[in-house]
Every structure is written in C-alpha cells, then in structure tokens.
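Just so it is clear: chains get the letters A, B, ... in the order the sequence lines come, proteins before strands, and each one is counted from 1.
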There are 2 protein chains.
Amino acid sequence: MQRITEQRRVLLEELQATKRHPTADELYETVRCRLPNISLGTVYRNLDLLVRSGSIRKLDKAGGQARYDADLSEHLHVRCLHCGAIADLPDDGALKLEIPLPVIPSYAITRYRLEFEGTCPGCSAGTT
Amino acid sequence: MQRITEQRRVLLEELQATKRHPTADELYETVRCRLPNISLGTVYRNLDLLVRSGSIRKLDKAGGQARYDADLSEHLHVRCLHCGAIADLPDDGALKLEIPLPVIPSYAITRYRLEFEGTCPGCSAGTT
DNA sequence: AATGCTATTAATAATGATTATCGATACTGA
DNA sequence: TCAGTATCGATAATCATTATTAATAGCATT
C-alpha cells in the first residue's frame, strides 16, 4: 500500500510548481525549505516511486544528472549542451512529428526517444 | 601530436571488425586476446580519443554502460530494454526520417538524438 | 648512439550520481 | 491496543567512468 507521505506530497507539489526540469539535488534544495530534515535518499526514492506510478517523468542523460518533469502532456525537450538545462519545445503545430516505429522481423520495437540539443539563451549570452 | 599506438590501432580494428556495439569492458575483453597487458583505463582513454577525433561514435545511455560504433554512416539504432544490446536499423528506404530542427527565439538548436527501444530477438525468446 | 622531450601506458585511486542497507519511527487496520 | 508494514533519515555501497602517477617508449636533434 502506497502512503501519501508529507515528503512525497511536497516533492510532487514542488515539481509541479516549476516549469524548469530540476535534478534530484535541485529538488532536494527546494524541498528543504519546507522539510528541513528530508534526506537526499528520500528524494531519490520518492522520485522513483512517482516515476513508476506514472505521476512524473524522468529525463535521464548519460554522464550527468537525471532531470524530472511533472508535465505529463506529450511534448518534446531541448537540452542545453553547456549547462544541462532542459526546456520544453512549444507544441505550436509546426512540430507535430509523426515518427513511425520501424518494423524489423522478430525485434519488438515499442517506442522511441527523441530529444533536441543546443545552446540555451543563458549560455549563448555568456559565450559572447 | 597523436601517435598511433598498438593499443589504439588494435582497439579500432576490433571495433571495426564487429557489427555488435560493444561496451568498453566488452572491448577490453576482446582486445586482451591480442594485448594481454592492456588496462581498462587505456581502453576508455583511447575510445574517448577515437570519439573526439571522429573515428568512432559513442552511444551512451543513462544508468548503463556506453556502447561504441565504428560505423560512421548515417543510421539509427534500436536498444534492447532488457539486455542493453544495440542493433542497427536497416536503412531501406522506408525509414528516411526528416526531422526538422525546431526554431526557438534565442535558443540555438543544433541537433537531435533519436533512438528506438524495444525487445531484441534473444530476449523475447527468453520471455516465452 | 646519446640526449631531451612529450605522448602513452598500466595500475590504481578518486569521482559522482544513484541505490541499497538499516535501525528507528509512524501509519493503518484488525 | 497491537501487530504488521511502509517510510524515514543517515550512511554505506555500487558502478561506470575519469583522474593521477610513476614508468616507459618513440621521435627529433644533435
């Protein structure tokens, strides 16, 4: 039985309250304002539970920290190659991508991962 | 000045000789047949050099081991969600995906990552 | 052939994000 | 109330990868 603990609820609230896509330890810092005694392990454990119950999405990345998103609507992301920040792509018509799943004999292809990469406004300002 | 050491040459040869997409430690095991004294650090270091010189491609994945590919032609991959193995998608016409890079004011989007996921023949056989 | 210079090596320690462990605590339902 | 279990905070362990380091090897110049 999955209880709705204070930690879990606050974590979800804080993630839902932001349009950024925070990492586990960014969330840890945020949540500590409301729950000063929460531990980082608890953050990771609850994020994982929330991902598995389908309440949030995990945007992971090799060699870096995973980021989390409470926006469950279909949308794509851009990741900044310099600072790692993730932004939502506006879903304004133009980007209605229809990617057909390839069919290969005896290989069950079930889904795909698509993510854009580039340089965010903040980082290109710094590079001037 | 970048030397062509025995280790670097053998590593590249072995990677070019396979159609699988081995991890660093799989390559380590393979290369050890020819160079028994090579160390895993050397494998990682040289793979990184080869990636940066554009001789091979790195197919990384959050929470797992990266895999490497010496096939530089444009092609897509499927990753098995169970065993982590990567296969090439046959580039037979049907899958000529044209993914336009989205345009967002002040965000320089330069490329995308696209990878398919599913269950490979070996793993779906085991699941029967 | 000897010298100096730098790239590379093998071995090993360190890193960093995440996960596991564990004893204590807090719910929950009979 | 009490047993059973989910969760907690604290901390140790994991695992892939990267950094460090002392030793070696290869090239260029004498």
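Partners of B:D88 according to the salt bridge (charged side-chain N to carboxylate O under 4.0 Å, His left out) rule, which considers only residues two or more places apart in sequence or in another chain, do not exist here. For B:D71, the salt bridge (charged side-chain N to carboxylate O under 4.0 Å, His left out) test picks out no residue, with sequence neighbours left out. Taking B:R9 as the reference, B:E6, B:E13 meet the salt bridge (charged side-chain N to carboxylate O under 4.0 Å, His left out) condition, with sequence neighbours excluded. Annotation: salt bridge (charged side-chain N to carboxylate O under 4.0 Å, His left out) contacts of B:R113 (sequence neighbours excluded): A:E117, B:D60. With sequence neighbours left out, the side chain to side chain donor-acceptor pair (under 3.5 Å) criterion links A:Q7 to no other residue.
Atom C1' of nucleotide C:dT19 and atom CG of A:D60 are separated by 15 Å, given to the nearest angstrom. Rounded to whole Å, atom P of C:dA17 lies 13 Å from atom NZ of A:K58.
A salt bridge (charged side-chain N to carboxylate O under 4.0 Å, His left out) check over residues 38-50 of chain A, counting only residues at least two apart or in different chains, returns the pairs A:D48-A:R52.
B:L50 forms part of a hydrophobic cluster together with B:V10, B:L11, B:L12, B:L15, B:L27, B:Y28, B:V31, B:L35, B:I38, B:L40, B:V43, B:Y44, B:L47, B:V51, B:I56, B:Y68, judged by ILVMFWY side-chain heavy-atom separations under 4.5 Å. In the hydrophobic clustering, A:L59 connects to A:I86, either directly or through intervening members, whenever side-chain heavy atoms lie under 4.5 Å apart.
Contact annotation for A:G64: backbone-only contact, meaning every heavy-atom pair under 4.0 Å involves sugar-phosphate atoms and none involves a base.
A distance of 11.0 Å separates CD1 in B:I109 from SG in A:C80, rounded to the nearest 0.5 Å.
For the contact set between residues 9-27 of chain B and DNA chain C, defined by any heavy atom under 4.0 Å, there are no members. Listed by residue number, B:N37, B:I38, B:S39, B:T42, B:R45, B:N46 are the residues of residues 30-51 of chain B with a heavy-atom contact under 4.0 Å to DNA chain C.
When DNA chain D is scanned 5' to 3' for any atom under 4.0 Å from a heavy atom of chain B, the first and last hits are D:dA16 to D:dG26.
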**Study point:** Derivation and outcome, salt bridge (Lys or Arg N to Asp or Glu O under 4.0 Å), residues A:E115 and A:K61
**Key:** CA-CA 10 Å; A:E115 187 178 275; A:K61 160 81 189 330; over 6 Å; no

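The shortest distance between side-chain heavy atoms of B:E26 and B:Q65 does not fall below 4.5 Å. Side-chain atoms of B:R57 and B:L72, non-hydrogen and from C-beta on, do get closer than 4.5 Å to each other. In this structure, B:T5 and B:T42 have side chains that are not in contact, with every pair of non-hydrogen atoms separated by 4.5 Å or more.
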Between N or O atoms, less than 3.5 Å apart, protein on one side and nucleotides 24-30 of chain C on the other: list the pairs.
unit_1	atom_1	unit_2	atom_2	d
C:dC27	O2	A:R3	NH2	3.2

